[in-house]
Amino acid sequence: METPVTKKKKTKKIKREEMEKQRTDESVDEDEAAATSAERKKKKKNRKEGGEANGEEAKCDGVQTLSIAVAGSIIDNAQSPELATRLAGQIARAATIFRINEVIVFDDKTKTNTSNISIWDAVEKNESGALFMARILNYLDIPQYLRRTLVPRHNDLRHAGLLPPLDAPHHARKHEWVPYREGVTLDKKSTAGGGTFVDVGLHKAVCIQQPFEPGLRVTVAMGSKRSLDDDCLRQAVDRSEPSKNMGLYWGYNVRYASNISCVFKECPYQGGYDYSIGTSERGDKISSGDLEIPKFRHLLIAFGGLGGLEENIEQDEDLMGKDATQIFSRYLNTCPDQGSRTIRTEEAIFISLQYFQDPIKRATI
């Protein structure tokens with residue numbers, strides 16, 4: 001039989017155990033809340049930049065993707081910031097004309113071995129041209145009516161107004177009614193259905209069903225009903241849906257890589273690039289009609305800097321001692337018998353992407 005003293009001790013022990021359990025639960029909740037908050041911030045940053053996060057898997061189910069990797073050092077050869085901006089603009093135009101899904105700008109001037117930085121937040125002393133190019137490319141891909149909201153003021157953009165527009169399908173005009181539009185979420189919720197208002201570049205914001213934080217870039221399925229009334233709810237969809245459903249080219253994602261090996265290591269697609277091609281005047285000479293590319297999901301085409309891909313590979317500590325033919329599935333000269341001693345990288349991109357058009361069509365899944 002328990003005495004009153006024994007019962008009192010047991011009660012105190014039980015209370016202590018309950019308090020300790022409560023403190024543990026609160027600590028776990030705080031950790032989970034902190035992790036969730038950090039994840040939300042990371043996603044918000046990535047959505048603002050209009051692309052996928054470095055290292056995160058990009059969604060592209062059932063769609064072939066075409067990526068190009070370009071050495072950022074070509075910017076350093078430009079004689080002025082205005083000419084550097086025009087050079088980056090040429091690459092953006094080439095990527096749009098040839099329906100490129102991903103543009104990777106790799107840095108061949110830095111010793112850093114990680115690319116986990118935001119192209120807008122990074123502030124480096126004497127930073128190389130890779131970040132400059134990535135910012136211009138990202139700026140041009142964003143529709144004009146979203147740039148004021150999504151793009152921060154930056155000195156690298158001071159000559160961007162001189163560049164011709166990309167005029168891609170996702171850069172819809174104000175008077176057009178198109179199946180999909182790019183938009184940015186507003187700090188305004190629907191009182192009727194709890195959805196979110198989105199600025200899609202029309203004279204009035206539209207309302208989507210999903211609740212989102214303000215300031216996020218989203219792709220909105222507009223549907224056939226042209227009403228902009230608040231009770232006409234629309235749907236935010238994955239950015240790849242316009243391409244999958246209608247074959248529309250919906251712009252490119254921009255990715256910064258600290259070196260050429262990070263181009264492969266930090267590939268956002270599950271399984272990586274299943275076929276890769278390096279371009280160089282020292283590559284194999286083969287006509288476009290005779291080139292056979294196997295069926296692929298994710299194709300990568302790489303363009304080197306002033307010294308070519310060979311120099312970029314030599315400067316990469318992770319690829320030391322390797323030959324270009326060991327890194328790429330094919331190593332090709334896409335412009336044999338050239339009249340000039342040198343072909344500039346921005347010229348090589350146009351030449352090569354046209355050269356690959358028919359082989360890529362023959363390799364369609």
Side-chain angles (χ1 to χ4, degrees), residues 64-78 87-88 90-108 130 133 252 257 259-264 267 272-316 318-365:
Q64 284 182 313
T65 66
L66 181 56
S67 302
I68 61 172
V70 186
S73 60
I74 64 171
I75 290 291
D76 299 327
N77 200 40
L87 193 159
Q90 284 181 277
I91 294 170
R93 287 284 300 171
T96 304
I97 290 168
F98 292 101
R99 300 172 69 97
I100 301 301
N101 304 104
E102 180 193 32
V103 182
I104 311 109
V105 185
F106 65 89
D107 205 332
D108 46 356
M133 186 193 296
Y252 53 78
N259 50 43
I260 194 167
S261 61
C262 285
V263 171
F264 295 92
C267 173
Y273 304 109
D274 45 2
Y275 202 74
S276 61
I277 300 173
T279 61
S280 170
E281 62 180 6
R282 290 172 282 278
D284 298 331
K285 297 179 182 179
I286 181 170
S287 70
S288 176
D290 294 331
L291 178 63
E292 291 295 331
I293 296 177
K295 294 188 185 302
F296 65 87
R297 290 295 307 280
H298 310 296
L299 173 64
L300 171 71
I301 302 171
F303 301 89
L306 303 178
L309 283 171
E310 295 87 357
E311 184 177 277
N312 301 140
I313 293 168
E314 288 175 8
Q315 293 172 343
D316 193 322
D318 291 347
L319 302 177
M320 198 170 291
K322 290 190 176 181
D323 187 74
T325 56
Q326 298 174 282
I327 297 167
F328 298 100
S329 309
R330 295 295 298 268
Y331 201 55
L332 300 174
N333 181 350
T334 59
C335 188
D337 307 318
Q338 62 197 56
S340 174
R341 291 189 184 91
T342 57
I343 295 179
R344 299 172 67 88
T345 301
E346 63 271 26
E347 297 167 342
I349 291 174
F350 272 101
I351 293 168
S352 300
L353 292 181
Q354 178 57 45
Y355 168 92
F356 287 119
Q357 285 297 288
D358 287 341
I360 288 173
K361 286 177 183 175
R362 293 194 294 270
T364 302
I365 295 176

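Predicted model only: the values in this text are computed from it and were never measured.
In terms of heavy atoms, Pro294 sits closest to Ala363 at O-CB, 3.6 Å. Closest non-hydrogen pair, Ile74 versus Gly305, comes out as CG2-CA, 4.1 Å. The minimum heavy-atom distance between Cys335 and Ile351, with the atom names listed, is CB-CG2, 3.9 Å. Scanning all heavy atoms of the two residues, the minimum distance from His298 to Gly272 falls at CD2-O, 3.7 Å. Summarising the geometry of Tyr273 relative to Glu102, their closest heavy-atom pair is OH-OE1, 2.7 Å, with the distance given to 0.1 Å.
Residue pairs satisfying the side chain to side chain donor-acceptor pair (under 3.5 Å) criterion with at least one member in residues 350-363, sequence neighbours excluded, are listed as follows: Thr334-Ser352. For the salt bridge (charged side-chain N to carboxylate O under 4.0 Å, His left out) condition, the pairs that include at least one residue of residues 272-285, sequence neighbours left out, are Arg282-Glu310. Sorted by first and then second residue, the ring-ring contact (aromatic ring centres under 6.0 Å, His included) pairs with a member in residues 323-350 read Phe264-Phe328; sequence neighbours excluded. Counting only residues at least two apart or in different chains, salt bridge (charged side-chain N to carboxylate O under 4.0 Å, His left out) contacts with residues 322-342 are absent.
For the atom pair Ile260 CD1 and Glu314 CD, the distance stands at 11.5 Å (nearest 0.5 Å). Note that CD of Gln326 is 10.0 Å distant from CG of Leu319, once rounded to the nearest 0.5 Å. Interatomic distance, CD of Gln90 versus CD of Glu347, reported as 8.0 Å (0.5 Å rounding). For the atom pair OG1 of Thr345 and CZ of Phe303, the computed distance is 9.0 Å after rounding to the nearest 0.5 Å.
Side-chain contact between Leu353 and Ile68: present, with at least one pair of heavy atoms (C-beta onward) separated by less than 4.5 Å. Under the 4.5 Å side-chain criterion, counting only non-hydrogen atoms from C-beta, Leu332 is in contact with Leu291.
Under the rule for a side-chain hydrogen bond (donor to acceptor under 3.5 Å, both in side chains), the partners of Ser287 that lie at least two apart in sequence or sit in another chain are Asp290. Residues that satisfy the side chain to side chain contact (heavy atoms under 4.5 Å, CB included) test with Ala69, not counting sequence neighbours, are Ile104, Phe106, Val263, Leu300, Ala302. Residues satisfying the side-chain hydrogen bond (donor to acceptor under 3.5 Å, both in side chains) criterion with Thr279, sequence neighbours excluded, are absent altogether. Looking at residues two or more places apart in sequence or on another chain, you find a side-chain hydrogen bond (donor to acceptor under 3.5 Å, both in side chains) between Glu346 and Arg344. Listed by chain and number, the residues in a side chain to side chain contact (heavy atoms under 4.5 Å, CB included) with Ala130 are Val105, Asp107, Ser128, Tyr256 (sequence neighbours excluded). Asn312 meets the side-chain hydrogen bond (donor to acceptor under 3.5 Å, both in side chains) test with Asp108; sequence neighbours excluded.
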- request: Show your reasoning for whether side-chain contact (heavy atoms from CB on, under 4.5 Å) applies to Phe356 and Leu299.
  value: CA-CA 11 Å; Phe356 287 119; Leu299 173 64; over 6 Å; no
Going through the distances and angles, do Ile277 and Ile293 end up as a side-chain contact (heavy atoms from CB on, under 4.5 Å)?
-> CA-CA 10 Å; Ile277 300 173; Ile293 296 177; 4.0 Å; yes
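Checking side-chain atoms of Asp316 against main-chain N and O of Ser261 turns up a donor-acceptor pair under 3.5 Å. Under the 3.5 Å distance criterion, the side-chain polar atoms of Asn101 are left unmatched by any main-chain donor or acceptor of Ser67.
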